Amino acid sequence: MSPTITAFKQSPDRGRGLARDMRVRWALEEVGQAYEVRLVSFSEMKEPAHRALHPFGQIPTYEEGDLVLFESGSIILHIAEHHAGLLPADAHARARAITWMFAALNTVEPPILELTNARLLEGDKPWSTDRLPLVQDRVRHRLGELSTRLGRTDWLDGAFSAGDLLMVAVLLRLRASGILDEYPNLSAYVARGEARPAYKRAFAAQLAVFTGHPPAG
Ligand code: GTB
């Protein structure tokens with residue numbers, strides 16, 4: 001039976017692939033697992049039926065038989081553990097790939113989210129112009145470290161893994177800021193992720209929700 005995920009009925013990013021259903025779709029495409037999507041409105045997300053799946057009233061969720069999951073990282077780890085293609089077989093390499101999943105979510109994503117909030121939610125506050133450079137520099141600090149570690153390699157630790165999938169998904173949210181362009185190896189890393197056929201299929205599927213046109217092919 002195919003799992004069902006939830007996604008925005010009206011994506012605020014107009015199908016740019018920035019909402020977190022995108023990373024789950026990408027993981028499912030990488031492993032070749034077909035899936036269903038249930039679209040939910042902002043008000044439906046806060047209703048008891050959806051909160052039974054997601055205590056915080058958000059997307060994405062993941063339902064597979066009796067199993068219900070929320071949190072994109074946990075969903076992707078579940079997918080990666082039950083299908084080949086997103087985690088290496090070697091125990092140590094697998095543990096390192098999972099470490100990169102946590103690094104993407106716990107170490108790199110928070111300052112990026114802070115920047116998004118500073119721009120979108122706090123941009124009109126009188127203190128915003130003083131604070132924004134501080135928030136931007138925290139992002140640059142993390143990206144500098146990540147850039148140094150990635151160096152000239154294609155992926156973070158050997159072959160593409162769920163760690164790269166999450167890291168690319170997290171970095172993509174920075175593109176509009178221009179900050180990613182300051183780190184050419186990270187820009188190229190993100191572009192490698194976006195060039196993957198599984199990414200393209202996932203992107204087309206989430207865009208189709210916004211445009212109302214089914215993806216070509
Ligand atoms: N930690 C959770 C996870 O990783 O799954 C976070 C889930 C989350 O933040 N979900 C957001 C949500 O449901 C959608 S992805 N928000 C509605 C709410 O909280 O009421 C965040 C998001 C939203 C919009 C854009 N955008 O328009 O660009 C990008 C990302």
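Computed over heavy atoms, backbone and side chain alike; hydrogens, waters and symmetry mates excluded. What you see is a predicted model, and the numbers here were worked out from it, not measured in a lab. Both ligands and their constituent atoms are indexed starting at 1 by order of listing.
- Summary of contacts: the protein heavy atom closest to atom 1 (N) of ligand 1 is Glu71 OE1, 2.7 Å.
- What sits closest to atom 10 (N) of ligand 1 on the protein, heavy atoms only, is Ile59 O, 2.8 Å.
- For atom 19 (O) of ligand 1, the nearest protein heavy atom (residue, atom name, distance) is Gln58 NE2, 3.0 Å.
- Side-chain contact of Tyr62 with Glu64: a donor-acceptor pair under 3.5 Å is present, judged by distance alone.
- Of the protein's heavy atoms, Ser72 OG, 2.7 Å lies nearest to atom 4 (O) of ligand 1.
- Residue, atom and distance of the protein heavy atom nearest to atom 9 (O) of ligand 1 are Arg20 NH1, 2.9 Å.
- Close approach of ligand 1 to Leu18 is summarised as follows: ligand atoms under 4.0 Å from at least one heavy atom of the residue are 28 (O), 29 (C), 30 (C).
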Kindly determine whether Glu145 and Arg138 satisfy salt bridge (Lys or Arg N to Asp or Glu O under 4.0 Å), including the steps that lead there.
CA-CA 11 Å; Glu145 293 168 326; Arg138 276 184 215 129; over 6 Å; no

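- A side-chain donor-acceptor contact under 3.5 Å links Asp164 and Tyr189.
- Between Arg173 and ligand 1, no N or O atom pair is found at a separation short of 3.5 Å.
- Paired with Ile112 under the rule side chain to side chain contact (heavy atoms under 4.5 Å, CB included), one option of Val135, Leu171, Leu172 passes, and it is Leu171.
- The proximity of Phe8 to ligand 1, defined as any non-hydrogen pair under 4.0 Å, is limited to the side chain.
- Listed by atom number, the atoms of ligand 1 under 4.0 Å from Pro60 heavy atoms are 5 (O).
- Relative orientation of the His54 and Phe56 rings is perpendicular, given thresholds of 30° and 60° on the angle between their planes.
- No option in Val168, Ile75, Val170, Leu28 other than Val170 meets the side chain to side chain contact (heavy atoms under 4.5 Å, CB included) test with Arg23.
- Geometrically, ligand 1 and Lys46 share a nitrogen or oxygen pair separated by less than 3.5 Å.
- In terms of polar-atom proximity, Met45 is not counted as a contact of ligand 1, lacking any N or O under 3.5 Å from an N or O of the ligand.
- Under the salt bridge (charged side-chain N to carboxylate O under 4.0 Å, His left out) test applied with Glu194, the options Lys200, Arg201, Arg175 reduce to a single match, Arg175.
- The side-chain tip of Arg196 points at the ring of Phe160 from less than 6.0 angstrom away and within 45° of straight on.
- Asp124 CG: more than 12 foreign heavy atoms inside a 6.0 Å radius.
- Residue contact check: Phe42 has heavy atoms under 4.0 Å from atoms 17 (C) of ligand 1.
- The protein non-hydrogen atom at the shortest distance from atom 26 (N) of ligand 1 is Asp13 CB, 3.4 Å.
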